[in-house]
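So that we are looking at the same thing, I have put the structure below in structure tokens.
Here is how names work: the chains are called A, B, and so on, in the same order as the sequence lines, proteins then strands, and each is numbered from 1. For the numbers below, each heavy atom of this structure counts, side chains included, while hydrogens, waters and symmetry mates do not.
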Amino acid sequence: MGLRITTWNVNGIRNPFSYQPWRENRTFQAMFDTLEADIVIMQETKIQRKDLQDDMVLVPGWDVYFSLPKYKKGYSGVAIYTRSSKCSPIRAEEGITGVLCPRNSATKYRDLPEGQRIGGYPKDGQISNALDEATIDSEGRCVILEFPAFVLIGVYTPATRDETRTEFREGFIDALDIRVRNLVAMGKQVVLCGDLNIVRSELDTAGLQERLRKEAMTLEDFLNTPPRRFLNQILFGGRVLGERDEEREEPVLWDICREFNPERRGMYTCWETKKNARPGNFGSRIDYVLCSSGIKGWFIDSNIQEGLLGSDHCPVYATLGDIVSKDGAQIHIADLMNPEDMFKDGQRQREWTTKDLLPMSAKLIPEFDRRQSIRDMFFKRTNSITQSSSAPSNANSQDGASPAEAIPSTANTDNLIRESSFSASQVFDAVPTAVSSSATPPRQNSVIPKRQAGPSASAARPQKKSKVSLSKENSAKAGSGSGGSGQRSLMGFFKPQTPIEETSLRKTANSPKNDPAPTKPYVTSSEVIDKGKPSPQEDDQIEGWPAESSKNSVDTPPSEKVFDPVQNKESWGKLLGKRILPKCEHGDECQVMVTKKAGINCGRSFYVCARPLGPSGDKEVGTEFRCRTFIWSSDWSGRQ
Amino acid sequence: MLEARLDQAQILKKIVDAIKDLVQDCNFDCNDSGIALQAMDNSHVALVSMMLKSESFSPYRCDRNIALGVNLTSLTKVLRAAQNDDILTLKAEDAPDVLNLMFENSGNDRVSEYDLKLMDIDQEHLGIPETEYAATINMPAAEFKRITTDLMAMSESVTIDASKDGVKFSAMGDIGNGSVTLRQHVDVEKENENVTIELSEPVSLTFSLKYLVNFCKASALSSSVKICLSNEVPLLVEYNVGNSSFLRFYLAPKIGDEE
């Protein structure tokens with residue numbers, strides 16, 4: 001069975017719950033059981049202290065220790081969960097340097113009496129970096145637990161971002177290096193795990209050649225970047241170019257996951273989401289479980305779990321055997337992972353009690369501390385006892401379901417409106433052939449000229465405006481349920497013109513006997529609008545329409561002037577239809593993206609192949625992965 | 001068939017406002033004696049118990065016992081459409097899919113009607129035992145609200161000590177500590193400012209302030225509040241809604257540091 005340590009950058013503590021299999025049963029207990037883990041180190045919890053919830057702190061059977069950023073909110077954050085039935089630490093600290101204070105105390109961890117602190121704090125002068133220690137530990141990046149067996153350090157190392165953060169990143173790494181080496185020098189065993197944000201060597205990242213060429217770096221330069229030098233110097237078997245750095249003469253940790261998979265390529269733990277790099281496994285290995293040499297033999301297995309979704313990283317685990325050898329003796333691992341008197345030969349001697357809670361346990365945060373269930377205080381009615389355990393989860397699931405239901409329904413109505421607008425325009429298109437002579441109430445007339453104005457003037461008007469007028473028609477239509485009939489009667493206004501084949505509009509006007517209806521209602525209706533809605537835009541439309549239409553009707557034969565349903569649909573389609581996307585080498589439509597990188601192209605949009613990034617990067621030819629297609633938006637005419 | 005007419009829509013509005021942050025979904029249990037609600041919050045620390053007696057309605061008719069499973073957020077949305085002085089009528093079939101709410105404005109003849117979809121809620125029902133409390137405190141609802149919000153600034157929890165000298169609310173926090181002490185205070189002319197304390201034995205219990213502050217949202221319902229305490233028993237905070245209808249909150253005390 002063993003004892004499994006799993007590290008996972010979850011990118012938001014609730015983030016995995018949006019993915020299978022975690023979405024099934026959105027509890028941390030179920031998640032950890034699925035992971036089969038006994039210690040879970042999470043990075044990037046991205047949660048503030050005030051947002052900590054019962055379900056993430058009071059996980060039945062688990063204890064948890066958080067390190068959250070002091071100033072930045074909802075950022076970074078490390079949590080270590082321990083399964084109380086298998087292990088409970090004897091000391092817990094936050095931060096690498098020991099300058100932070102336990103909760104409700106003004107004494108720094110490093111100033112605690114000898115027996116109460118973990119030790120190995122950077123001594124004066126050991127940290128050469130200009131950063132002060134409080135800054136290094138201000139971002140919620142490190143939780144340290146001590147078990148009799150070893151000291152477990154869970155970290156989230158700052159990522160490479162830009163020059164402003166380089167100093168912090170390197171300062172953090174230096175402090176980490178010093179602390180680990182100090183602990184080992186004290187004779188303690190160390191397990192360091194977490195998202196180190198460092199690629200160990202060329203074996204641990206995809207597309208390195210490409211990147212080196214782009215950045216004009218050599219492989220030596222790559223291996224000589226300070227973070228990578230740190231990692232390779234602290235690791236047994238690390239590749240160190242040239243002389244070892246001072247204070248880093250000896251390696252002290254084993255890269256457990258690599259030791260169990262020495263030759264494996266493509267063993268990546270993190271993939272860029274933006275590039276959809278996971279399906280093609282274009283990633284990097286930056287999450288590690290490292291251990292000191294005294295306990296290397298205790299591990300029986302270690303691997304990555306690239307098949308488990310939930311974050312841009314995958315979980316990485318290492319399993320300790322049930323029986324381990326310490327100082328020549330065979331000892332049960334449980335004896336070494338709990339306070340001294342709790343287990344003997346793997347048998348529990350005493351139960352875990354709240355007295356075993358360490359001060360840093362999140363269960364002692366005031367909101368969660370000394371909590372008592374009201375259910376236990378009242379007698380339950382006998383008939384409902386069976387539901388007692390299912391009730392809360394039920395309430396939760398219903399709770400979760402109702403907003404989810406609400407969203408599709410609104411989306412639906414949205415669609416409906418959109419569809420109705422399309423069908424409305426289709427109805428409108430078809431109308432000239434099917435004329436109804438039904439009388440039109442003047443109020444509906446007032447809507448109609450606007451509707452007319454849209455298509456007839458669409459070519460001359462900027463796109464945006466006609467869209468606005470369309471949405472207004474929608475709302476007008478939605479407001480008056482009988483909008484459809486109003487539409488039809490307007491056609492009665494136009495239709496008479498078609499039979500009169502060779503007469504111009506002027507003639508029609510001159511002979512009111514022929515068709516008195518069309519002109520008059522129109523005039524009145526436009527007046528109604530002018531008075532009722534003096535918004536400049538509508539005025540514009542209404543003035544534009546008669547001018548244009550009369551001009552049209554003079555210049556062009558009436559047969560063309562009448563709205564051709566097909567042409568009309570096309571012109572609407574041009575306005576409303578989806579932009580025509582360029583096709584990539586696969587013949588698929590491209591996706592549009594925007595340049596984020598600073599520089600002259602920042603903010604420009606471009607088209608690239610929409611497929612996932614392939615294992616060899618973005619220059620794949622003739623494979624199922626992303627092809628080379630790249631087109632600036634501004635160079636794309638919209639036609640194939 | 002349920003038909004219950006409430007003269008003032010604001011009673012239901014205020015009740016739902018007061019409990020919607022504690023409880024998301026719950027059953028309104030209707031029978032011939034009135035409409036009742038009982039629900040625990042997610043952490044099982046607090047319990048809400050509401051009873052709107054049939055006398056609070058006019059008329060009230062309920063032929064058969066029915067449970068109306070309601071999402072309180074949705075109900076809040078519907079109730080937002082009611083004005084405080086509207087007459088509110090609740091209607092439901094015997095095996096209802098929806099709860100019908102009708103708001104009538106007596107001034108003009110405006111009538112609005114809403115159907116709220118119901119849901120099946122499996123809710124456990126706790127039998128709340130009749131309890132003789134060691135201390136019963138009556139005070140203005142606004143005063144209790146002020147005490148809880150003031151002390152919330154100091155700490156996450158408050159200790160309530162009731163003794164023959166009075167009742168003391170004290171909080172100890174990171175920035176310091178604070179306390180508020182009230183003594184029995186009776187003024188016949190200003191009855192709604194009275195503070196009365198009935199005590200059979202001294203009590204001292206600690207509670208989460210977050211919940212108490214939450215309970216105080218019900219202050220809009222009533223000018224006074226009744227607080228009952230006993231050792232080993234949840235705290236009771238009761239707001240009277242009139243006609244012996246009530247809204248009660250129970251809160252489990254924090255486990256003491258006896259060890």
Side-chain angles (χ1 to χ4, degrees), chain A residues 26-27 49-50 52-60 101-106 353-357 363-406 409-410, chain B residues 23-27 38-49 69-74 77 117 119-129 131 155-158 171-174 205-211 230-236 249-259:
Chain A
R26 297 159 173 261
T27 68
R49 153 115 180 238
K50 75 172 178 58
L52 289 177
Q53 298 285 317
D54 286 17
D55 71 321
M56 59 182 81
V57 174
L58 305 173
V59 182
C101 301
R103 199 179 297 129
N104 301 326
S105 164
T353 67
T354 47
K355 280 185 188 164
D356 292 303
L357 279 177
K363 289 185 174 177
L364 292 179
I365 294 174
E367 292 97 293
F368 305 101
D369 180 25
R370 296 185 288 145
R371 187 73 82 66
Q372 167 160 225
S373 163
I374 199 160
R375 200 169 58 186
D376 301 339
M377 299 191 78
F378 285 130
F379 296 109
K380 261 176 276 176
R381 279 193 190 159
T382 42
N383 61 354
S384 62
I385 285 173
T386 46
Q387 296 169 1
S388 61
S389 60
S390 68
S393 64
N394 251 341
N396 271 342
S397 67
Q398 273 158 349
D399 183 25
S402 55
E405 271 169 4
S409 79
T410 56
Chain B
V23 182
Q24 284 79 48
D25 303 309
C26 63
N27 282 326
Q38 194 200 80
M40 266 184 293
D41 83 304
N42 276 338
S43 349
H44 293 187
V45 173
L47 182 141
V48 182
S49 168
V70 170
N71 173 286
L72 289 182
T73 313
S74 311
K77 286 181 187 165
K117 286 183 193 163
M119 48 211 268
D120 281 323
I121 299 169
D122 246 351
Q123 212 163 32
E124 66 181 313
H125 208 81
L126 301 180
I128 301 172
T131 309
S155 169
E156 190 274 334
S157 55
V158 61
M172 274 165 50
D174 293 344
L205 289 166
T206 304
F207 301 95
S208 161
L209 270 168
K210 188 179 78 180
Y211 285 95
S230 264
N231 288 320
E232 306 299 318
V233 170
L235 163 89
L236 165 61
F249 299 95
Y250 294 90
L251 180 62
K254 293 213 160 197
I255 298 167
D257 314 279
E258 71 281 354
E259 293 157 78

Rounded at 0.5 Å granularity, tell me how far NZ in B:K254 sits from CD in A:Q372. 11.0 Å
Heavy-atom closest pair (B:A252 atom, A:S373 atom, distance to 0.1 Å) is CB-C, 4.2 Å
With sequence neighbours excluded, residues passing side chain to side chain contact (heavy atoms under 4.5 Å, CB included) with B:D174: A:N104
Engaged part of B:L209 at the chain A interface, taking heavy atoms whose separation is under 4.5 Å: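 No part of B:L209 comes within 4.5 Å of chain A.
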How far does OG of B:S43 sit from CG of A:D55, to the nearest 0.5 angstrom?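 If I round to the nearest 0.5 Å, the distance is 9.5 Å.
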Heavy-atom pair count under 4.5 Å with chain A, highest-scoring of B:S208, B:P234, B:A39: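 Counting heavy-atom pairs under 4.5 Å, the top option is B:P234.
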Using side-chain heavy atoms (C-beta onward) and a distance below 4.5 Å, is A:R370 in contact with B:T206?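 A:R370 reaches B:T206 side chain to side chain.
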Where on B:V23 is there a heavy atom nearer than 4.5 Å to chain A: the side chain, the backbone, both, or neither? neither
Matching residue for A:R375 among B:L47, B:V45, B:L126 - test: side-chain contact (heavy atoms from CB on, under 4.5 Å):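 Single pass found, and it is B:L126.
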A:M377 and B:P253, any side-chain heavy atoms less than 4.5 Å apart: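 Answer yes - side chains close enough.
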Check side chain to side chain donor-acceptor pair (under 3.5 Å) between A:D369 and all other residues, then give those that pass, not counting sequence neighbours.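 Result, side chain to side chain donor-acceptor pair (under 3.5 Å) vs A:D369: none returned.
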